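Since this is a predicted model, take the numbers as computed values, not measurements. Both ligands and their constituent atoms are indexed starting at 1 by order of listing. The basis for the numbers below is simple: all heavy atoms, side chains too, and nothing from hydrogens, waters or symmetry mates.
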Amino acid sequence: MDVYGLIGNPVGHSLSPPMHEAGYEHCDIDARYVTFEPPADGGAAAVESAAQLGVSGLNVTIPFKQDVLDVVDPDPLAERLGAVNTIDFQTDPPRGYNTDAIGVVRALEHHDVDLAGRAVVVGAGGAGRATVFGLADHGLTVDIANRTTEKAVELAESVTDSSVSGTATGQGLDNVEELLVDADILVNATSVGMESDESPVPAEALHGDLAVLDAVYSPLETTLLRDAAAAGATTVDGAWMLLYQGVEAFERWTGESAPVEAMNEALRAGLD
Ligand code: ATR
């Protein structure tokens, strides 16, 4: 039996175990997915121990995504963005990936969104960073709008300094309406709207040529997505991002095409 898992602190709320185990069951893979909660300064040690114990793969969440860089061989995207959320132990040192970044792209692709043109990403924290690098890696021009302008500018500079093909600008959140006029894609990568009816973007700024992805998945139908649908935009809820970071990890670990529908069903059952 293969063992996969998640390290984070805390990890109690994770929906990854049912999502991945639905995938194993569907593909007849003899494996389990378990959660581990090392101490906050113990991420790298946990990865080294997992390698010794014969664990096949780990997902990594807050606060360990940067710390584990020291004990893995990161792929170019994970290295550029400076965070790892998926570790594959088939090699020594283990390989590190960032499927959060790829998950954003695959969630949009699933909804037939054309990955070209201009994207506006609201937020410059961990989720914002993964989103920005994922989209810029696909050649998009990304305008980052953040409450704290300085953080958006720093993130944009780190995109420019890396070798991704797209470019980025960093601005204050007050500029979001102006930025959206010419935008094709909008991603909310802040926690605004989580368990609340707030939206990070005024409804009047949304239009029918946009695809809007909200990283918030509780509730699934946020005010932003409701406003976006009313404006005629394509909407993509936060569960798609969660799903596709998991799908991408599953495929890297097992070498098989993930049973997306089975994993989606298990994930959404946990969110209801
Ligand atoms: P995560 O890792 O989930 O991205 P984070 O690193 O704490 O979390 O980042 C949270 C993001 O949400 C930040 O971009 C934050 O803006 P600041 O950089 O100005 O703090 C943004 N954010 C949180 N609450 C917000 C609010 N009420 N309005 C606007 N932006 C908010």
Side-chain angles (χ1 to χ4, degrees), residues 6-16 40 43 59-69 77-78 80-86 98-105 107 119-136 142-159 168-180 185-206 212-220 222-225 227-228 236-246 271:
L6 168 68
I7 58 167
N9 191 339
V11 286
H13 61 281
S14 175
L15 293 164
S16 291
N59 282 136
V60 182
T61 189
I62 293 165
F64 302 127
K65 289 183 186 187
Q66 287 83 30
D67 303 352
V68 304
L69 269 171
L77 181 58
R80 282 182 207 129
L81 83 87
V84 163
N85 84 316
T86 299
N98 193 302
T99 73
D100 292 329
I102 302 162
V104 171
V105 169
V120 173
V121 175
V122 179
R129 193 172 175 84
T131 302
V132 168
F133 272 84
L135 296 174
V142 185
D143 296 311
I144 307 155
N146 195 49
R147 180 177 59 181
T148 311
T149 308
E150 201 176 85
K151 277 170 66 180
V153 171
E154 274 170 30
L155 176 52
E157 280 170 2
S158 70
V159 170
T169 73
Q171 328 216 4
L173 188 52
D174 339 344
N175 283 1
V176 77
E177 289 197 60
E178 197 183 313
L179 291 171
L180 282 171
I185 294 169
L186 165 66
V187 180
N188 173 33
T190 73
S191 50
V192 180
M194 197 185 295
E195 310 296 354
S196 88
D197 57 8
E198 287 169 284
S199 171
V201 175
E204 313 80 72
L206 303 169
V212 181
L213 167 57
D214 199 336
V216 171
Y217 56 84
S218 180
L220 278 174
T222 57
T223 299
L224 171 62
L225 290 187
D227 292 345
V236 185
D237 71 44
W240 292 106
M241 257 174 84
L242 267 184
L243 173 69
Y244 273 104
Q245 63 74 31
L271 283 171

K.L.:
Distance to 0.1 Å, residue and atom name: give those for the protein heavy atom nearest to atom 3 (O) of ligand 1.
P.N.:
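Result for atom 3 (O) of ligand 1: A127 CB, 4.3 Å.
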K.L.:
Is it the case that the side chain of N146 and the backbone of A124 share a donor-acceptor pair, with hydrogens and angles ignored and the cut-off at 3.5 Å?
P.N.:
yes
K.L.:
With heavy-atom distances below 4.0 Å as the criterion, list the atoms of ligand 1 near V192.
P.N.:
25 (C), 26 (C), 27 (N), 28 (N), 29 (C), 31 (C)
K.L.:
So which bit of T148 gets within less than 4.0 Å of ligand 1, heavy atoms only: side chain, backbone, both or neither?
P.N.:
both
K.L.:
Name the closest protein heavy atom to atom 8 (O) of ligand 1, giving the residue it belongs to and the distance to 0.1 Å.
P.N.:
G126 N, 4.4 Å
K.L.:
May I ask you to identify, for T190, whether its side chain, its backbone, both or neither come under 4.0 Å of ligand 1 on a heavy-atom basis?
P.N.:
both
K.L.:
Decide whether an N or O pair under 3.5 Å exists between G128 and ligand 1.
P.N.:
no
K.L.:
Got the closest protein heavy atom to atom 5 (P) of ligand 1, with its distance?
P.N.:
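Scanning the protein heavy atoms, the shortest distance from atom 5 (P) of ligand 1 goes to G125 CA, 4.0 Å.
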K.L.:
Consider side chain to side chain contact (heavy atoms under 4.5 Å, CB included). Of V212, D227, L224, L173, which one does V201 pass it with?
P.N.:
L224
K.L.:
Checking a contact table here: which protein heavy atom is nearest atom 25 (C) of ligand 1, and how many Å away?
P.N.:
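Looking at atom 25 (C) of ligand 1, the protein heavy atom closest to it is R147 NH1, 3.3 Å.
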K.L.:
Do T148 side-chain atoms and E150 backbone N/O form a donor-acceptor pair below 3.5 Å?
P.N.:
no
K.L.:
Please tell me if atom 14 (O) of ligand 1 is touched by the protein, where touching means a protein heavy-atom distance below 4.0 Å.
P.N.:
yes
K.L.:
Strictly distance-based, threshold 3.5 Å: is any side-chain N or O of N59 a donor or acceptor partner for the main-chain N or O of N85?
P.N.:
yes
K.L.:
Are any non-hydrogen protein atoms located under 4.0 Å from atom 10 (C) of ligand 1?
P.N.:
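No, no protein heavy atom sits under 4.0 Å from atom 10 (C) of ligand 1.
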K.L.:
For the backbone of L225 and the side chain of T222, can you confirm whether one donor and one acceptor N or O come within less than 3.5 Å of each other?
P.N.:
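Looks like yes, one N/O pair under 3.5 Å.
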K.L.:
If we only count N/O pairs under 3.5 Å, is G123 in contact with ligand 1?
P.N.:
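No - when backbone and side-chain N and O of G123 are compared with those of ligand 1, no distance drops under 3.5 Å.
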K.L.:
Can you tell which of L271, L242, L220 makes a side chain to side chain contact (heavy atoms under 4.5 Å, CB included) with D237?
P.N.:
L220
K.L.:
Are I102 and L77 packed together at the side-chain level, in the sense that at least one heavy-atom pair is separated by less than 4.5 angstrom?
P.N.:
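The answer is yes, as the side chains (C-beta and beyond) meet within the 4.5 Å cut-off.
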K.L.:
Just let me know how K151 lines up against ligand 1, side chain, backbone, both or neither, with a heavy-atom cut-off below 4.0 Å.
P.N.:
side chain
K.L.:
Can you tell me how far CD of Q66 sits from CZ of R129, rounded to the nearest 0.5 angstrom?
P.N.:
8.0 Å
K.L.:
Name the closest protein heavy atom to atom 16 (O) of ligand 1, giving the residue it belongs to and the distance to 0.1 Å.
P.N.:
N146 OD1, 3.3 Å
K.L.:
Indicate yes or no: does an N/O atom of A124 lie under 3.5 Å from an N/O atom of ligand 1?
P.N.:
yes
K.L.:
What I want to check is whether the side chains of D197 and T223 have a donor and an acceptor closer together than 3.5 Å.
P.N.:
no
K.L.:
Judged by non-hydrogen atoms, does P200 sit under 4.0 Å from ligand 1?
P.N.:
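No.
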K.L.:
State, with a plain yes or no, whether a side-chain heavy atom of D100 is found less than 4.5 Å away from one of K65.
P.N.:
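Side-chain contact under 4.5 Å: yes.
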